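Here is the structure we will look at, set down as structure tokens.
Quick note: numbers below take in every heavy atom, side chains included, and nothing from hydrogens, waters or symmetry partners. From a predicted model like this one, the values you see are computed outputs, not experimental measurements.
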Amino acid sequence: MKVVCVGGGPAGLYLSILLKRQNPSHDITVHERAREGSTYGWGVTYWQGLLDRLRAHDPESARLIAENSVHWTEGVAHIRDSSTRQPGDQGFGIGRHRLLELLSGRARSLGVRLEFESEVTERPPGADLVVAADGIGSALRTRYADAFGTQVAHGRNHFLWLGTTRVFDAFTFAFVETAHGWIWAYGYPYDTGHSTCVIECSPETLTGLGLHRAEEGEGLALLERLFAGLLDGHPLIGRTGDGPGVPWLNFRTLTNRTWHHDGLVLLGDAAHTTHYSIGAGTTLALEDAMCLATALGDHAAPPAALAAYERRRRTELLSAQSAARYSARWYESLPRYIDLPPHRMFALLGQRHSPLLPHVPPQLYYGLDKAAGQLEPLRRLKRWLGPRAARALHAARTPDRAR
């Protein structure tokens, strides 16, 4: 089979690896519009479950990724002048640049052709399968947007993706109160000398602090002052190398009515996005690649494989997409939780994926959650109530004409 993959991110590279392992006679080319090694981004996160799945699909790339990752087993929240620390699941961080290096090397070793500074905006002729793995701004998907039924919804809060030389020893949250509202950071290590630091705030806080109009150096200096306690004298780092400064963005939730059309299939962020606060973007992209490779191996005809891939992944993504929606809403509703005692606020931060939490007073939910940890009937009640409360509120807010 001749496969053309557009986009040299984790999803496209890993798919090429899996297809070559599946059948070395496949003719596979990955096109990436940027120069090799010029990727922007700091670290990405993943969890033990992904590492187990990587080992099952390609032990060699899993070994390389594990050897180049750092890990943590705790979460820390700094709220005003208080801090609280809790144990959690083992998490992993790896630099995006390093991850792409490893996957590129593995793909080349298997005979995949990698073409950098090669932008593809039209379906290449002669390919049996074309994979659009070129992100939320996918040129190929945009070219056929009507066929895919693409829709994009913009989140309310603004965020900024930065690096720092402060190496956190846990997944770290910091909430800082200003005269214009709250601003907060998520931080996690990704190698022995750096961490990712994502800053988020409401639009009112952004404009009140003047961050929307500040030059990059001025804005970073202000953020370093606000998060001085978190950074412990270390700088925040914006975009390095070519290009403009790092922009403040609103998160874009992208969906498509279908993920495949006439031998062109969407992968990763080109097909779907989930809010960064659940830390699953790279994981979901790699899992897309696993699912598509499996479907292509199980079905002789590509159309049947693409349909099977889409059915399975849509079902598998429901839980993550729900968690992402509620997580984003939790941060957009931060004043509802921020004045709780720090340990309770951090406990509800850990419960932000819950569909029940937005509809129950926070103190009551905390007590229910604590009791549910000890009594199985209450755990079942929470699982039963959550989706029903969400559906009931949605129905109450939906005008009759839209039902």
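- Other residues, nucleotides and ligands contribute at most 12 non-hydrogen atoms within 6.0 Å of the CG atom of D89.
- Salt bridge annotation for D298-R312: absent, with no cationic side-chain nitrogen under 4.0 angstrom from a carboxylate oxygen.
- Put simply, the side chain of R123 gets close to the backbone of D262: a donor and an acceptor are under 3.5 Å apart.
- Using modelled atom types, no side-chain atom of N68 and backbone atom of L99 make a donor-acceptor pair closer than 3.5 Å.
- Taking CD of E316 as the reference point, atom SG of C291 lies at 5.5 Å (rounded to 0.5 Å).
- For the residue pair Q351 / Y365, a side-chain donor-acceptor distance below 3.5 Å is found, with atom types taken as modelled.
- Residues H212 and T207 bring no donor and acceptor atom of their side chains to less than 3.5 Å of each other.
- At most 12 non-hydrogen atoms from other residues, nucleotides or ligands lie less than 6.0 angstrom from CD of Q151.
- For the pair T172 and L230, the minimum side-chain heavy-atom distance is below 4.5 Å.
- The pair R98-D191 does not count as a salt bridge, with every side-chain nitrogen at least 4.0 angstrom from each carboxylate oxygen.
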Go through L236 and L231 one step at a time and tell me if the side-chain contact (heavy atoms from CB on, under 4.5 Å) criterion holds. CA-CA 8 Å; L236 290 169; L231 295 171; 3.8 Å; yes
Take S202 and T205, measure what side-chain hydrogen bond (donor to acceptor under 3.5 Å, both in side chains) needs, and give me the verdict at the end. CA-CA 5 Å; S202 71; T205 301; 3.1 Å; yes
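- Note that the OG atom of S16 and the CD1 atom of I28 stand 6.0 Å from one another [nearest 0.5 Å].
- Evaluated for a side-chain contact (heavy atoms from CB on, under 4.5 Å) with H180, the options L209, L206, L211 yield exactly one hit, L209.
- Using a cutoff of 4.0 Å between basic side-chain nitrogens and carboxylate oxygens, R106 and E101 are not scored as salt-bridged.
- Remark: D146 CG is loosely packed, at most 12 non-hydrogen atoms of other residues, nucleotides or ligands lying under 6.0 Å away.
- With hydrogens and angles disregarded, no donor-acceptor distance shorter than 3.5 Å links the side chain of E115 to the backbone of H31.
- Remark: side-chain polar atoms of T45 are paired, donor with acceptor, to backbone N or O of G279 under 3.5 angstrom.
- In plain terms, the two heavy atoms of T142 and G137 that are nearest each other are OG1-O, 4.3 Å.
- By the 4.5 Å heavy-atom criterion applied to side chains, W72 and P189 are counted as neighbours.
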Apply side-chain contact (heavy atoms from CB on, under 4.5 Å) to the pair D369 and Y366, showing each step before the final yes or no. CA-CA 5 Å; D369 184 62; Y366 176 82; 5.8 Å; no
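- Between the side chain of T294 and the main chain of M290, a donor-acceptor pair closer than 3.5 Å is present.
- Between V360 and R336, the closest heavy-atom pair is O-NH2, 2.7 Å.
- Rounding to the nearest 0.5 Å gives a distance of 9.0 Å between CG of L306 and OG1 of T258.
- For residues 264-291, the ring pair (Phe, Tyr, Trp, His ring centres under 6.0 Å) pairs, not counting sequence neighbours, are F159-Y276, Y186-Y276, F251-H275, F251-Y276, W259-H272.
- From R329, atom CZ reaches atom OG of S327 across 11.5 Å, with rounding to the nearest 0.5 Å.
- Side chain of T73 to backbone of Q90: no donor-acceptor contact under 3.5 angstrom is found.
- Between Y337 and W330, a ring centre-to-centre spacing shorter than 6.0 Å is recorded.
- Under the 3.5 Å distance criterion, the side-chain polar atoms of H26 are matched with a main-chain donor or acceptor of M1.
- For the pair R80 (side chain) and P342 (backbone), a donor-acceptor distance under 3.5 Å is absent.
- Counting heavy atoms of neighbouring residues, nucleotides and ligands inside a 6.0 Å radius, atom CD of E67 exceeds 12 of them.
- Side-chain atoms of R352 come within 3.5 Å of backbone atoms of S277 as a donor-acceptor pair (strictly under, hydrogens ignored).
- Taking each heavy atom of G12 and L267 in turn, the nearest pair found is N-CD2, 4.3 Å.
- T273 and D269 share no donor-acceptor pair across their side chains, judged by distance under 3.5 Å alone.
- Under a 4.0 Å N-O distance rule, the pair E36/R108 qualifies as a salt bridge.
- The local environment of CZ in R33 is sparse, with at most 12 non-hydrogen atoms from other residues, nucleotides or ligands closer than 6.0 Å.
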Would you please test R141 and D134 for salt bridge (charged side-chain N to carboxylate O under 4.0 Å, His left out) and show each step? CA-CA 9 Å; R141 190 203 61 238; D134 48 344; over 6 Å; no
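- Within a 6.0 Å sphere centred on NE2 of H71, heavy atoms belonging to other residues, nucleotides or ligands number 12 at most.
- Each of L296, D128, V131 was checked for a side-chain contact (heavy atoms from CB on, under 4.5 Å) with V3, and the lone residue meeting it is V131.
- Here the shortest heavy-atom pairing between L340 and R344 reads CB-CB, 4.3 Å.
- Using a 4.5 Å heavy-atom cutoff, the side chains of V130 and P124 are in contact.
- Side-chain contact annotation: S195 with R166, donor-acceptor N/O pair under 3.5 Å absent.
- Contact annotation: the side chain of I79 approaches that of M345 to within less than 4.5 Å [non-hydrogen atoms, C-beta and beyond].
- S138 places no side-chain N or O within 3.5 Å of a backbone atom of G135 that could act as its donor or acceptor partner.
- For the residue pair E332/N157, the side-chain donor-acceptor check at 3.5 Å is not satisfied.
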Carefully, step by step, assess T84 and H343 under the rule side-chain hydrogen bond (donor to acceptor under 3.5 Å, both in side chains). CA-CA 6 Å; T84 183; H343 70 284; over 6 Å; no
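- Of the charged side-chain nitrogens involved, at least one lies within less than 4.0 Å of a carboxylate oxygen, so that D288 and R313 count as a salt-bridged pair.
- Screening F173, F171, F168 for a ring-ring contact (aromatic ring centres under 6.0 Å, His included) involving Y188 leaves a single residue, F171.
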For salt bridge (charged side-chain N to carboxylate O under 4.0 Å, His left out), just list the numbers for D169 and R85, CA-CA rounded to whole Å, side-chain angles, deciding distance to a tenth of an Å, and then say yes or no. CA-CA 11 Å; D169 65 352; R85 181 180 290 259; 3.5 Å; yes
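- In this structure, CD in E60 is found 9.0 Å from CG in L110, a value given to the nearest 0.5 Å.
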Pair L356, L368 - check side-chain contact (heavy atoms from CB on, under 4.5 Å), show working. CA-CA 11 Å; L356 182 60; L368 176 63; 4.2 Å; yes
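- Counting only residues at least two apart or on different chains, no ring pair (Phe, Tyr, Trp, His ring centres under 6.0 Å) pair has a member in residues 108-154.
- Between L13 and S104, the closest heavy-atom pair is CD1-OG, 3.6 Å.
- To the nearest 0.5 Å, the span separating CZ on R63 from CG on L51 amounts to 12.5 Å.
- Nearest approach of W182 to C201, heavy atoms of both residues: O-CB, 3.7 Å.
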